[in-house]
Protein chains: 2
Amino acid sequence: MLQILSELRKNKNWSQAETAELLGIAKSTYAGYESGYREPSLRALIQIADLFDVSIDVILARKNQTTVLELATISKMDSMVLTVDGKPLTEEETANLIAFTRVRRELG
Amino acid sequence: MLQILSELRKNKNWSQAETAELLGIAKSTYAGYESGYREPSLRALIQIADLFDVSIDVILARKNQTTVLELATISKMDSMVLTVDGKPLTEEETANLIAFTRVRRELG
DNA sequence: TTTCACGTATGCGTTACGCGTATTCATTTA
DNA sequence: TAAATGAATACGCGTAACGCATACGTGAAA
């Protein structure tokens, strides 16, 4: 249910112990969330969402808000920023990614 | 914290008892949420969000609107799909885009 | 006044969360 | 190679708090 926690954490290059400390909980407690051994309480869930700066629905992988977004559109939106290694993609970078994808698909 | 429950419920012209029955919980339990006497468990919260068809963040009155998203994270999320030319990016394609971006940035 | 619907408050049993601890595995250091 | 350190995971136990049954207060309708 909470597999995404591992992804979010690794994107920040944090260990479970570091993350637990930032959350103010025991490392075994946090590890239990990732492994699926336990589910976080509502209070813990809110802290986690705040720490990773994502919505609770994202953490719970709730699909009630499945959104399909065109890469080209996102780069024009002010309300959303894509990052790689924590660094925002520029419009030029995004344009290159789109071109890159088209070429690769063309080649099969 | 959960004042919005009362509004969501009244918008549907439901009594607390009706709502509780739809949720499969005791009416005193549901009433406790609205009055602030108790907070719902995570399980109950998910059922409530599904019943009213709103996101959990809305129920919790969280103002976060995740604007910065790591590309690597998105590809792992079921709740969001990126497309190029209307065609979804596969996980492999996304991984290639990330690698491509890193190389380009490395080269200056 | 009685009755009924609605919302609310609380005692109590039980669930399950959080911590400490132990274990396993991988990597590093002497 | 062994020892040590770091990382991830599993589990026992105490207890916080959730859910239910029940009781109570209010207002409207008869």
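Scope of the values below: all heavy atoms of this structure, side chains included, with no hydrogens, waters or symmetry mates. Naming convention: chains lettered A, B, ... in sequence-line order (proteins, then strands); numbering from 1 in each chain.
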Sugar-phosphate only, base, or nothing, as touched by Y30(A) at under 4.0 Å among non-hydrogen atoms: nothing

A44(B) side-chain proximity, nearest of dC18(D), dG19(D), dG18(C): dG19(D)

Separation of atom CD in Q16(A) from atom P in dA8(D), rounded to whole Å: 5 Å

Whole angstrom value for the distance that separates C1' of dA16(C) from CZ of R43(B): 9 Å

Sugar-phosphate, base or nothing in reach of S28(B), heavy atoms under 4.0 Å: base

Value in whole Å for how far the P atom of dA23(D) lies from OH of Y37(B): 16 Å

Touch class at under 4.0 angstrom, heavy-atom based, for S41(B) against every strand present: sugar-phosphate

Length of the line joining Y33(A):OH and dA16(C):P, which is rounded to integer Å: 15 Å

Closest contact, heavy atoms only, Q16(B) versus A31(B): OE1-CB, 3.2 Å

Polar contact flag, side-chain donor to acceptor under 3.5 angstrom, E7(A)-T73(B): no

Sugar-phosphate only, base, or nothing, as touched by S15(A) at under 4.0 Å among non-hydrogen atoms: sugar-phosphate

Short side-chain N/O contact from S35(A) to OP1 or OP2 of dA10(D), under 4.0 Å: yes

